[in-house]
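Worksheet: one structure, shown below.
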Amino acid sequence: MSTPEMERVARALAAADFERLRRVRHEAPATIPATLAERRRRPLVQGDGRLFIVAADHPARGALGVGPESMAMASRYDLLERLATALANPGVDGVLGTPDIIEDLAVLGALDGKVAVGSMNRGGLRGSVFEMDDRYTGYDVDAMVRSRLDAAKLLVRVNLGDAGTARTLEETARAVTAAAAAELPIMLEPFMSSWVDGRIVNDLTADAVITSVAIASGLGASSAYSWLKLPVVPEMERVMEAATLPTLLLGGDADGDPDATFASWQGALALPGVHGLVVGRTLLYPHDGDVERAVDAAARLVHGD
């Protein structure tokens, strides 16, 4: 699916479109909500029922590194070019981002016909002393409904040794309840986490992921619109027996072996209840620099040739 059209979109964003984006943000910010409201939408689930979402909510958490490059995502223009290249692929169903990313892409016209997933983000910035105080600092449900987004996403890190988890669980339950009332699908990304040598580490054993799934599935007054966003771990079959909620797989570390990563996705995508991928840095910043090829390979895993 590497086409001249994809190349044209990426080139265009390097010149006139970025000038227009800056002008809109400077001179006409009131047009941004209208642009979102008027964008051409699509159902969240359609066709083969599979979803391939590109994730771009890392910068707002201060997570700008990819592999050994600590500031790989520092250029917003470079990131938007990569996102536009990914979204030009017909096998990419949409994007996950914080308001700044979603609004940039809407002004650039990159969201028409695509799924827009709003990240509620988290206030517990990586490496901070308040990392487990994961209050939500991005979208809320009302804002996503006003912006006519198609789904929400939030992170649920459960640390049994940190009292900050209580606030996270309470606020997450409220968000799930509000999303269900608004009939807005909401993707929960749960982890069992702990402090190790002054940093937060997620437990990626099957038992820990199963425990996190059980906790996340029960949050809120209704789970009717709840989805799960889960890592691919050993014994994934056991993990997928832990919930009936529709599940998307997250991308994993961008500095891992690409062949092994794609193979793990392929195996997990065949499991009952798994409906697609939500992947960011692994595809936007691939080892060989070829975004189009990486995105196309992942799209073929999700939707087939």
Side-chain angles (χ1 to χ4, degrees), residues 53 55 57-58 61 63 65-67 96 119 122 124-128 131-134 153-173 176 186-220 223 226-283 298 301-302:
I53 305 294
D57 58 342
H58 310 86
R61 300 197 301 268
V66 180
L96 159 66
S119 174
R122 68 170 192 256
L125 300 178
R126 186 177 63 180
S128 67
E131 185 166 353
M132 286 310 304
D133 190 352
D134 260 349
K153 175 262 179 182
L154 52 74
L155 182 72
V156 191
R157 293 185 297 181
V158 179
N159 186 338
L160 300 181
D162 193 304
T165 293
R167 180 199 294 268
T168 297
L169 293 176
E170 182 179 23
E171 292 303 317
T172 301
V176 171
I186 184 166
M187 301 173 186
L188 291 83
E189 181 178 351
F191 290 100
M192 300 304 295
S193 307
S194 60
W195 288 103
V196 178
D197 297 327
R199 57 190 293 264
I200 292 297
V201 175
N202 297 326
D203 188 339
L204 298 181
T205 62
D207 284 358
V209 176
I210 289 168
T211 300
S212 75
V213 166
I215 293 169
S217 297
L219 292 173
S223 64
S226 295
W227 289 52
L228 294 171
K229 179 173 177 278
L230 299 179
V232 179
V233 298
E235 300 184 85
M236 198 65 191
E237 297 86 354
R238 289 182 57 221
V239 172
M240 290 311 302
E241 291 177 356
T244 58
L245 302 182
T247 298
L248 301 175
L249 307 174
L250 60 86
D253 293 332
D255 55 353
D257 174 33
D259 291 338
T261 297
F262 274 75
S264 70
W265 293 344
Q266 184 173 28
L269 282 166
L271 295 173
V274 176
H275 298 281
L277 294 174
V278 181
V279 184
R281 291 171 290 187
T282 304
L283 301 179
L301 281 182
V302 175

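Annotation: side chain of Met192 is in contact with side chain of Leu160 (closest heavy-atom distance under 4.5 Å). Within the 4.5 Å cutoff, the side chain of Ile200 has no heavy atoms near those of the Arg126 side chain. Annotation: side chain of Val213 is in contact with side chain of Leu230 (closest heavy-atom distance under 4.5 Å). The shortest distance between side-chain heavy atoms of Thr168 and Asn159 does not fall below 4.5 Å.
Contact detail for Leu245 and Ser226: the closest heavy-atom pair is CD2-O, 3.7 Å. Closest non-hydrogen pair, Ser193 versus Arg157, comes out as OG-CB, 3.6 Å. For the residue pair Arg281 and Gly65, the shortest heavy atom distance occurs at NH1-O, 3.1 Å. Of all the heavy atoms in Ser223 and Ser217, the pair that sits closest is CB-O, 3.9 Å. Scanning all heavy atoms of the two residues, the minimum distance from Ile210 to Ala242 falls at CG2-CB, 3.9 Å.
Of the inter-residue distances, the one linking Phe262 atom CZ with Thr282 atom OG1 reads 8.0 Å to the nearest 0.5 angstrom. Here the straight-line distance linking atom CD1 of Ile53 with atom CG of Leu250 works out to 13.5 Å at 0.5 Å rounding. We find the CG-CG distance between Asn202 and Leu155 to be 7.5 Å, quoted to the nearest 0.5 Å. With values rounded to the nearest 0.5 angstrom, Asp134 atom CG is found 10.0 Å from Leu154 atom CG. Taking CG of Leu228 as the reference point, atom OG1 of Thr244 lies at 9.0 Å (rounded to 0.5 Å). In this structure, the separation between CE on Met187 and OG1 on Thr247 is 10.5 Å, given to the nearest 0.5 Å.
Applying the salt bridge (Lys or Arg N to Asp or Glu O under 4.0 Å) test to residues at least two apart or on different chains, the pairs with a partner in residues 188-216 are Lys153-Glu189, Glu189-Lys229, Asp207-Arg238.
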For this session: Kindly indicate, with the supporting measurements, whether the criterion side chain to side chain contact (heavy atoms under 4.5 Å, CB included) is fulfilled by Val233 and Thr205.
Result: CA-CA 7 Å; Val233 298; Thr205 62; over 6 Å; no
Could you go through residues 264-279 and list every donor-acceptor pair under 3.5 Å that involves a side-chain atom there, pairing it with any protein atom two or more places apart or in another chain?
residue, atom, partner, partner atom, Å
Ser264, OG, Thr261, O, 2.7
His275, NE2, Gly273, O, 3.4

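For Ser212, there are no side-chain hydrogen bond (donor to acceptor under 3.5 Å, both in side chains) partners, not counting sequence neighbours.
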